[in-house]
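Shown next, in structure tokens, is the structure this report addresses.
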Amino acid sequence: MTGNSAGNEAGKDSLFIQEVAGHQALYKRIIQLFHSSTKAAAFMLIAAIAALVIANTAFYDQFYAFWHTEVGFFFGEAKAEMSLAHVINDIFMAVFFLLVGLEIKYEMTVGELTNIRQALLPIVAAFGGVFFPIIIYLIFNATNPETAHGWGVPTATDIAFALGIMALLGNRVPNGIRVFLSTLAVADDIIAILVIAIFYGQSPSAFWLAAAAVVFVALIVMNRRHVYSLTPYILVGIVLWYCVFMSGVHSTIAGVLLAFAIPSGSRVNLKSFISWSGNRIKEAKELYEPNDPVIGQKDYIETVSRLSRVARQVVPPATRLENKLYPWVYFAILPLFALTNADVSFVDGSLGNIFADPALYGVFFGLLIGKPVGIMLFSFIIVKTKLASLPEHANWGHMFGAGILGGVGFTMAIFVANLAFDDPAIVTTAKLAILSASLIAGVVGFLVLFIQANAARKKGVAYIATAPDGAAHPASDKEYMEAGKRMLEEIESPLLKEEIEAAQREGDGYAEIVVELGVDGERSDRAAAEGSDDPDRLDGAGPDGRGSTK
């Protein structure tokens with residue numbers, strides 16, 4: 001397709017003039033690219049592979065020296081400096097933890113963690129996925145004083161890699177399994193944050209802890225006083241980071257604390273906004289002169305500017321910040337972290353020492369065996385006791401695949417390893433175990449889910465997560481929701497469309513549409529739809545595209 005035809009295609013029903021419609025379409029594709037969990041995982045994987053390759057070449061000394069170059073600033077005799085590697089691990093990763101905190105806050109406010117019955121399965125599974133890796137790690141390391149403290153390393157799941165691998169299977173895996181793994185990883189992150197804060201800091205300074213507490217209280221007061229601008233929170237958050245950094249507790253915890261202080265509500269009265277914005281639109285319509293240059297229509301510009309200013313403030317500060325941070329964290333900060341922390345060398349003659357180190361086996365088998373065993377066993381117990389049920393449309397094969405993907409522990413596991421061990425040789429050993437276990441867990445977990453997806457393909461079934469236009473969902477869900485939206489647009493049956501829209505409206509969260517594509521994979525307009533709280537169900541859509549609503 002040529003550039004002009006692409007622009008014409010994009011401009012058919014566009015709000016934008018035809019001359020820039022192509023630019024807008026390109027911008028939309030770029031936004032989708034930088035909200036893709038699959039591509040984010042690929043970026044981190046490329047960075048990790050680059051670090052491994054460089055670590056085993058003659059360039060490693062220069063590479064290592066570069067990342068340990070001191071940077072900073074000075075004012076007169078006073079100066080502050082740290083190495084580039086510490087900037088990434090202590091400052092940039094605090095931004096990563098800020099995003100993690102915002103994602104946790106979303107789940108606790110409107111996501112899966114709001115409904116205890118829905119959240120019980122992944123939360124209990126997350127505890128199993130933490131408990132068993134610790135047991136396995138201690139089997140190998142409990143009697144070794146140099147490595148016993150590293151039990152926290154194999155407990156963390158890397159949400160970006162795990163969901164990125166699952167995203168490769170597209171809509172052949174039920175969305176409930178994706179939500180299960182995502183919620184499990186969030187619960188896992190909460191546990192990891194507590195472990196880092198309690199067990200992997202230095203001896204805390206009472207003065208700086210008190211200072212951090214005062215600053216955090218100031219942030220909470222700002223929240224309670226309905227301060228909705230992000231700028232004050234960021235400025236005070238920098239002060240909080242410094243206090244936590246000086247306290248001996250790891251500075252990244254400041255990011256999580258800041259996330260919980262940022263408002264998740266809107267400063268705009270949403271009920272009033274609907275009528276007010278309608279009036280502004282009518283006013284703008286009356287003021288607009290189609291034959292005059294827009295630059296000279298001051299009253300029209302002022303009206304639409306007022307509408308724009310208020311409309312921007314409708315979006316909660318937490319949501320605005322999450323959307324801004326997501327591409328920077330997943331496509332810049334985490335790849336940089338991988339590049340500086342995945343540098344495992346095999347050419348320095350220490351390979352024999354690595355295989356003699358019990359930390360290798362504790363971390364490796366903790367992630368690869370402990371994670372799936374703990375997740376599956378605790379899930380089985382909670383389901384069989386009828387305290388929770390399997391995700392909709394999922395079976396134990398799906399759960400097993402998700403459990404294995406829980407053993408992908410790349411980012412958080414390496415982060416904890418850097419904190420847990422003082423000996424660089426043991427850190428290197430732990431990194432090798434993390435990389436090896438994560439690679440195997442990713443491949444095996446993908447294959448297990450691929451078998452389930454292949455069975456769905458043979459039956460001609462696809463699972464599509466969707467939500468009403470304007471429904472809130474995390475930044476990480478954009479790619480998945482867009483894919484479902486594109487497939488739903490292909491459904492031609494008006495009756496089926498009406499029933500799907502009804503399921504979306506009446507469900508409190510996502511609706512999952514089960515589309516029967518036919519044995520060859522060719523779509524027919526047969527589907528079943530379920531709201532997340534099961535308000536209405538379309539279970540047996542007939543050949544004419546009609547669904548029966550229960």
Side-chain angles (χ1 to χ4, degrees), residues 48 51-52 55-56 64 68 85-86 89-90 93 126-158 188-189 191-204 248-250 252-253 337-338 340-375 406-441:
L52 281 170
N56 291 277
Y64 182 87
H68 286 79
H86 278 106
N89 290 342
D90 289 329
M93 288 302 285
F127 275 99
V130 169
F131 179 72
F132 272 82
I134 292 174
I135 296 299
I136 289 178
Y137 183 88
L138 291 177
I139 288 173
F140 289 96
N141 294 273
T143 59
N144 188 327
E146 292 184 342
T147 59
H149 195 51
W151 52 265
V153 177
T155 61
T157 297
D158 190 297
D188 202 287
D189 283 343
I191 298 170
I193 289 163
L194 292 174
V195 167
I196 292 169
I198 297 169
F199 298 102
Y200 291 126
Q202 302 170 5
S203 297
V249 177
H250 200 273
T252 52
I253 301 302
F337 178 82
T340 54
N341 288 276
D343 52 339
V344 178
S345 176
F346 303 106
V347 296
D348 58 2
S350 62
L351 200 57
N353 295 333
I354 287 177
F355 284 104
D357 192 334
L360 176 75
Y361 304 102
V363 174
F364 181 82
F365 290 113
L367 283 170
L368 193 59
I369 296 177
K371 270 288 184 182
V373 168
I375 291 169
V408 178
F410 184 76
T411 306
M412 195 73 82
I414 290 178
F415 188 82
V416 175
N418 287 331
L419 301 176
F421 303 116
D422 295 323
D423 188 341
I426 300 177
V427 174
T428 299
T429 300
K431 288 178 182 179
L432 175 61
I434 293 164
L435 294 172
S436 303
S438 297
L439 176 62
I440 296 172

Rounded distance (nearest 0.5 Å) linking atom CG of Leu360 with atom OG of Ser436: 7.0 Å

Heavy atoms from other residues, nucleotides or ligands near OH of Tyr64 exceed 12 (cutoff 6.0 Å): no

Atom pair OG1 (Thr411) and CG (Asp158), whose distance is rounded to the nearest 0.5 Å: 3.5 Å

Inter-residue atom distance Leu52.CG - Asp343.CG, 0.5 Å rounding: 8.0 Å

Under 3.5 Å donor-acceptor pairs involving side-chain atoms of residues 133-142, not counting sequence neighbours:
{"from": "Tyr137", "atom 1": "OH", "to": "Thr147", "atom 2": "O", "distance (Å)": "2.5"}
{"from": "Asn141", "atom 1": "OD1", "to": "Thr147", "atom 2": "OG1", "distance (Å)": "2.7"}
{"from": "Asn141", "atom 1": "OD1", "to": "Ala359", "atom 2": "N", "distance (Å)": "3.1"}
{"from": "Asn141", "atom 1": "ND2", "to": "Tyr137", "atom 2": "O", "distance (Å)": "2.9"}
{"from": "Asn141", "atom 1": "ND2", "to": "Pro358", "atom 2": "O", "distance (Å)": "3.2"}

Approximate separation, where rounding is to 0.5 Å, of Tyr361 OH and Leu368 CG: 14.5 Å

Sidechain-backbone polar pair: Thr157 side chain, Gly406 backbone, donor-acceptor under 3.5 Å: yes

Spatial distance of atom CD (Glu146) from atom CG (Asp423) [nearest 0.5 Å]: 6.5 Å

Residue pair Asn341 / Asn89, side-chain heavy-atom distance below 4.5 Å: yes

Tyr200: partners by side chain to side chain contact (heavy atoms under 4.5 Å, CB included), with sequence neighbours left out: His149, Trp151, Val195, Val416, Leu419, Ala420

Trace of the side-chain contact (heavy atoms from CB on, under 4.5 Å) decision for Phe132 with Ile375: CA-CA 9 Å; Phe132 272 82; Ile375 291 169; over 6 Å; no

Which atom of Pro154 lies closest to which atom of Gly150, heavy atoms considered: CD-O, 3.8 Å

side-chain contact (heavy atoms from CB on, under 4.5 Å) assessment of Val363 paired with Lys431: CA-CA 9 Å; Val363 174; Lys431 288 178 182 179; over 6 Å; no

Smallest separation among heavy atoms of Ala48 and Ala338, with atom names: N-CB, 4.0 Å

Side chains of Val153 and Phe421 in contact at under 4.5 Å (non-hydrogen atoms): yes

Pairwise side-chain contact, Leu435 with Val344, heavy-atom cut-off 4.5 Å (strictly under): yes

Sequence-distant partners of Asp188, salt bridge (charged side-chain N to carboxylate O under 4.0 Å, His left out), two or more places apart: Lys371

Residue pair Asp357 / Asn144, side-chain donor-acceptor N/O under 3.5 Å: no

Ring geometry between Phe415 and Phe337 (parallel below 30°, tilted from 30 to 60°, perpendicular above 60°): tilted

Spacing of Met412 atom CE and Ile434 atom CD1 [to the nearest 0.5 Å]: 12.0 Å

